[in-house]
Amino acid sequence: MTKTVHVFRPFDSYNLHRTCDFGSFSRANYSTDIYCEGTYKRVVQYESRSNLVSASQSQSTDHNHIEITIECKESTKSSIEHCLTQISRIIGADQDPSGFYSMAESDNFLNPLVNKFHGLHIPQTASVFEGLISAILGQQISTHVARILRSLIVERYGSILSIGNETYHSFPTPQSLELAGIEELHANKFSRRKAEYLCEISALESKGFIDLENLRNLPTEDAVDMLTSLRGVGQWTAHWLLIRSLGYEDGFPSGDLALQKIMGEYFNDGEIMSERAAMEYSKKWRPYRSWVTTYIFAGVRSGFF
DNA sequence: GGCCAGGTTCGCT
DNA sequence: AGCGAACATGGC
């Protein structure tokens, strides 16, 4: 077991704790990602080898930096490179919120949110596939139930890595979910419809009929079109993916019920906003709507509103 | 027990 | 285009 340590300097404002909190990583049943005592941990696969990668932030007096540790049976220059790229993307340490922050300064609604959650970046899912499956599974149900279902498939279909006394789970591969099959997922607390969506998408990805990772390289519209052509993926899910998996800064899931309620309270005399009205109103926040969405949800989760 | 929760599809007007 | 039902589950 070799161990290597690296230091990464994000933009000054970056706050690991707030970012991991937003990602639900500190919740016991999140399974794949662990955030505990100031350290974030996750297994990163590279060429069929498992690397345990951890990140922690030290707030020394003059400099704010992230320390990244990689543990692996064998490491190479390219495996280390891969792990560093992955981890900094997952924890959002490579993002620059300064454009969003300057826009928010002159916005009465955003300004308090930015003050409260300053340093929160947008955590990215380890893969687009993982983001998509997690998003579909969370449709229409409470975040609490979504976590239960997510950890169920992770523990049942994901691979396991043991180091010392600790056990780490990986997110299921497209192959393993395809293999699980509709019937089995249905028997495991998923609606038949959802089980179908998950298996269909897993099969398409594992057979190479779609390439979810490649969506990162497409213009926004094309990525949304491709995603919504999949059964089980509507506007909400596609935009959620733009924000949480594809790294776009201007996604906006206007179909979101919680978002419509909050916006209604502030901008529509307390009346819930329609999807269309929410989308229209959101245009004043271009091109930073992914940030706006993230900060609003951070507010929702912490009882800010 | 009933209603809702960070939606989507399908089948009607 | 727009509307309503169905979908499975956990929590209040």
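Throughout, a chain's letter reflects where its sequence line sits, starting with A, and its residues are numbered from 1.
Of the candidates B/dG7, C/dC7, C/dG11, C/dG11 carries the atom nearest the A/His144 side chain, counting heavy atoms from C-beta on. The A/Lys189 side chain lies nearest to C/dT9 when the options are B/dG7, C/dC7, C/dT9. The listed nucleotides are B/dA5, C/dG2, B/dG7; the one nearest the side chain of A/Gln139 is B/dG7. Among B/dA5, C/dG10, B/dT8, the nucleotide with an atom closest to any side-chain atom of A/Arg193 is B/dT8. Among the nucleotides B/dG7, B/dT9, B/dA5, the one closest to any side-chain atom of A/Arg231 is B/dT9. Here C/dT9 is the nucleotide among C/dT9, C/dC7, B/dT9 with the atom lying nearest to any side-chain atom of A/Val145.
Rounding to whole angstrom units, CD1 of residue A/Ile136 and C1' of B/dA5 are separated by 18 Å. Between the CG atom of A/Leu132 and the C1' atom of B/dG7 there is a distance of 13 Å, rounded to whole Å. A/Leu149 has its CG atom 17 Å from the P atom of C/dC7, to the nearest Å. In this structure, CD of A/Glu200 is placed 11 Å from P of B/dT9, rounded to the nearest angstrom. In this structure, CG of A/Leu185 is placed 13 Å from P of C/dT9, rounded to the nearest angstrom. Here B/dG7 presents its P atom at 10 Å from CD1 of A/Ile272, a figure rounded to the nearest Å. Atom NE2 of A/His186 and atom P of C/dA6 are 16 Å apart (whole Å). Atom pair A/Leu152:CG and C/dG10:C1' shows a separation of 14 Å (rounding to whole Å applied).
OP1 and OP2 of C/dG10 both lie 4.0 Å or more from every side-chain N or O belonging to A/Arg147. For A/Lys194, no side-chain nitrogen or oxygen approaches OP1 or OP2 of B/dT9 to under 4.0 Å. Close to B/dA5, at under 4.0 Å from its OP1 or OP2, lies no side-chain N or O of A/Thr143.
Between A/Ile91 and A/Ala55 the shortest heavy-atom distance is CD1-CB, 4.1 Å.
Contact check on A/Glu130 versus A/Arg150 returns a salt bridge, with a Lys/Arg side-chain nitrogen under 4.0 Å from an Asp/Glu carboxylate oxygen. The pair A/Asp33-A/Arg42 counts as a salt bridge, with a side-chain nitrogen and a carboxylate oxygen less than 4.0 angstrom apart.
If you check every strand for non-hydrogen atoms under 4.0 Å, A/Gly232 touches sugar and phosphate atoms only. At a threshold of 4.0 angstrom between heavy atoms, the contacts of A/Arg244 with the nucleic acid are absent. Heavy atoms of A/Ile141 sit under 4.0 angstrom from at least one base atom. Within 4.0 Å of A/Val300, counting heavy atoms only, lies no atom of the nucleic acid at all. Using a 4.0 Å heavy-atom criterion, one finds that A/Ile243 contacts no nucleic acid atom at all.
Comparing A/Arg301 and A/Tyr197 along DNA chain B, the residue whose closest nucleotide (by nearest heavy atom) sits nearer the 5' end is A/Arg301.
In this structure, the ring of A/Tyr266 has its center less than 6.0 angstrom from the ring center of A/Phe305.
When hydrophobic clusters are built by joining Ile, Leu, Val, Met, Phe, Trp and Tyr residues whose side-chain heavy atoms come closer than 4.5 Å, directly or via intermediates, A/Val233 is grouped together with A/Val224.
In summary, of the residues considered (A/Phe11, A/Phe22, A/Trp291, A/Tyr295), a ring pair (Phe, Tyr, Trp, His ring centres under 6.0 Å) with A/His121 occurs for A/Trp291 alone.
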